[in-house]
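Within every chain, numbering begins at 1; the chains are lettered A, B, ... in the order of the sequence lines, protein sequences first and strands thereafter. No experiment lies behind these values; they were computed from the predicted model shown.
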2 protein chains.
Amino acid sequence: MQRKSRKDPVAKPGAYHHGDLVTTLLAATTALIEERGVEGLSLREVSKRAGVSPGAPFRHFSTKKALLTAVAEQAMDRLSDALTSAQTKLKSADPAAIYEAIGVGYLDWALSNPTHFQIISSRTIIDFDASSKLVDQNAAIRDRMVDLLLQAQQLGQLPPAVDLNLVILSSRAFTYGLARMAIDGHLSGWHPRETPTKAMRGALRLFMTQLFVPHSR
Amino acid sequence: MQRKSRKDPVAKPGAYHHGDLVTTLLAATTALIEERGVEGLSLREVSKRAGVSPGAPFRHFSTKKALLTAVAEQAMDRLSDALTSAQTKLKSADPAAIYEAIGVGYLDWALSNPTHFQIISSRTIIDFDASSKLVDQNAAIRDRMVDLLLQAQQLGQLPPAVDLNLVILSSRAFTYGLARMAIDGHLSGWHPRETPTKAMRGALRLFMTQLFVPHSR
DNA sequence: CGGCATGTGTAATCGCTGATTACATTTGAC
DNA sequence: GTCAAATGTAATCAGCGATTACACATGCCG
């Protein structure tokens, strides 16, 4: 019965009951999964941290998966920003260089935001296909990569006979694999005595030099 | 109270109470995760399928994670077998060819046994480091790859200045990335109109030709 | 100003889960 | 044949996601 004091609203004054529960919930969720991982996340803990009852989140997210999908959308935004930032920070119009810079940016972001990376990559803990934002933004990233490859091809930076679809898939598999290895904890076993970032950048560099015009011819 | 008929033991006769609960549990677990995925697996369902009470599994596996780790050990055995089989089936002593064959075998196995692959790759749903079998067998696979690369290097099949540790890491990241993309459902988005197996083999082939001696020099 | 539909949070509850405990039964070694 | 150890059962616990009925605040209508 007994409700908590109505006289001093804890959160933003002059707002709804709570203030802005949606924002608070997303923040609380992000914080909790960064503390204890996605597996151990419970809606009740999120509610407690947000200072509301366990049933409150369901007013805004019909299911736990929906909440996590919303978090994934935020994460995808940040990833997109990180990639464009990596591209613009590199002041160059060389497609191959940009291609690599984006790869490095992708890996850096994944390592800096492991749980977010894990969430947007998963198709079981979120409802990826139900979010047009996630789908579209993912496709947009791919389109950017294809565009860069086309430019590189026109500049003769790629072997002429190469299948662009295979190159795209290879690049994606490579970066995705590196990121997942790091996040899944496989890296130390497969590249001893080297910091993850250095190992990953080295591998990426090797991949790029192998992929793009082999010195001459 | 009332127990089930003792007069006709369902399982193997002339054995313990149940027969061999451990084996039965492992089989039931494998079957259930193949039907409904790892996320939705519950010990109670496993128990029900095995025909025992919900508490019974805890006599043999102190925790759910322990049970799944045991399943992972079985899976790792099968993966190792698949890799050696892929190697022996290819009647060739060419290190580069063997290297690729193992890669193909790895991808084939992952696609044929997605949930098993998922389990042995995870460090959250199983206790990988607690199982010396998993750790050792994983290291053994890596050692085999290193050995092949050393042979290839001696035969001049690799660029002489290349860092072998980076090559190993790259190869692993590449195959792991491909397998995970397929299993995580990313493949269709990154290589439209192509069956997963064909796309993955094509990408792997591209990777190998780029990695090993570029035609000449 | 007063009433009231709507939006928002609470409380209680459901069925399920992993895990623990006390107890019953079977087994095999002595 | 006896008995400690091994194995399975039953009952129970706390915690989970989700649903429902209810309490309250808000802002719009007149």
Side-chain angles (χ1 to χ4, degrees), chain A residues 1-26 28-29 32-33 36-71 124-127, chain B residues 1-26 28-29 32-33 36-71 124-127:
Chain A
M1 308 304 157
Q2 145 133 321
R3 335 221 3 181
K4 72 182 195 184
S5 154
R6 318 222 145 277
K7 298 305 174 179
D8 87 287
V10 180
K12 316 184 177 181
Y16 256 124
H17 296 178
H18 174 93
D20 186 357
L21 226 203
V22 173
T23 308
T24 308
L25 285 175
L26 290 178
T29 305
L32 274 174
I33 61 185
R36 303 222 263 277
V38 203
E39 343 283 335
L41 180 78
S42 93
L43 269 184
R44 297 173 118 91
E45 280 179 311
V46 172
S47 309
K48 192 176 298 180
R49 176 158 305 201
V52 293
S53 76
F58 290 94
R59 291 280 171 209
H60 306 278
F61 303 99
S62 63
T63 190
K64 182 186 183 183
K65 209 177 229 178
L67 170 61
L68 286 171
T69 305
V71 172
T124 53
I125 65 182
I126 69 171
D127 213 347
Chain B
M1 307 304 158
Q2 147 130 326
R3 336 225 357 187
K4 72 183 194 184
S5 152
R6 317 224 145 279
K7 298 305 174 179
D8 86 287
V10 179
K12 316 185 177 182
Y16 256 128
H17 297 177
H18 173 95
D20 186 357
L21 227 204
V22 173
T23 307
T24 308
L25 285 176
L26 289 178
T29 305
L32 274 175
I33 62 184
R36 301 222 265 277
V38 201
E39 342 284 335
L41 180 78
S42 92
L43 270 184
R44 297 173 117 91
E45 280 179 310
V46 172
S47 309
K48 192 177 298 182
R49 178 159 304 204
V52 293
S53 75
F58 290 94
R59 291 282 170 205
H60 305 277
F61 303 99
S62 62
T63 189
K64 183 186 183 183
K65 207 177 232 180
L67 170 61
L68 286 171
T69 304
V71 172
T124 53
I125 64 182
I126 69 170
D127 212 349

According to side-chain contact (heavy atoms from CB on, under 4.5 Å), who are the partners of B/S42, at least two apart in sequence or on a separate chain?
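Testing B/S42 for side-chain contact (heavy atoms from CB on, under 4.5 Å), a comparison that skips the adjacent residues, returns B/R44, B/E45.
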
Apply side-chain contact (heavy atoms from CB on, under 4.5 Å) to B/F58 and list each qualifying residue two or more places apart in sequence or on a separate chain.
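B/F58 satisfies side-chain contact (heavy atoms from CB on, under 4.5 Å) with B/L43 once adjacent residues are dropped.
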
How far does the helix from C/dC1-D/dG30 to C/dC30-D/dG1 bend, going by the axes of its first and last five pairs, to the nearest 10°?
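The end axes of the helix from C/dC1-D/dG30 to C/dC30-D/dG1 are about 10° apart, to the nearest 10°.
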
Taking the side chain as C-beta and beyond, is there a heavy-atom pair between A/L41 and A/L68 under 4.5 Å?
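With C-beta onward as the side chain, the pair touches.
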
Apply the test side chain to side chain contact (heavy atoms under 4.5 Å, CB included) to residues B/F61 and B/L26: give CA-CA distance (whole Å), side-chain angles for both, the deciding distance (0.1 Å), then the verdict.
CA-CA 11 Å; B/F61 303 99; B/L26 289 178; 4.2 Å; yes

Pick the closest DNA chain D nucleotide for B/P54 and for A/P54 by heavy atoms, then say which residue is nearer the 5' end.
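Per heavy-atom nearest nucleotide, the more 5' residue is B/P54.
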
According to side-chain hydrogen bond (donor to acceptor under 3.5 Å, both in side chains), who are the partners of B/T124, at least two apart in sequence or on a separate chain?
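With neighbours one apart ignored, the set is B/S122.
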
Tell me, please, which residues at least two apart from B/R49 pass side-chain hydrogen bond (donor to acceptor under 3.5 Å, both in side chains).
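side-chain hydrogen bond (donor to acceptor under 3.5 Å, both in side chains) list for B/R49, sorted by chain: B/E35.
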
Please state how far atom [atom1] in [X] lies from atom [atom2] in [N], giving the value in whole angstrom units.
X	N	atom1	atom2	result
A/L25	C/dG9	CG	C1'	11 Å
B/R44	D/dG15	CZ	P	16 Å
B/E39	C/dG18	CD	P	13 Å
A/K48	C/dT10	NZ	P	14 Å
A/F58	D/dA18	CZ	P	4 Å

DNA chain D contacts among residues 59-71 of chain B, heavy-atom distance under 4.0 Å
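Within residues 59-71 of chain B, the residues near DNA chain D are B/R59, B/H60.
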
Please assess B/V71 against B/I126 for the test side chain to side chain contact (heavy atoms under 4.5 Å, CB included), listing each intermediate value before the final yes or no.
CA-CA 9 Å; B/V71 172; B/I126 69 170; over 6 Å; no

Determine which pairs satisfy side-chain hydrogen bond (donor to acceptor under 3.5 Å, both in side chains) with at least one residue from residues 60-69 of chain A, sequence neighbours left out, and list them in order.
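Output for this query is empty, none listed.
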
Is any side-chain N or O of B/S42 closer than 4.0 Å to OP1 or OP2 of C/dT17?
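So the side chain of B/S42 is within the cut-off, an N or O lying under 4.0 Å from OP1 or OP2 of C/dT17.
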
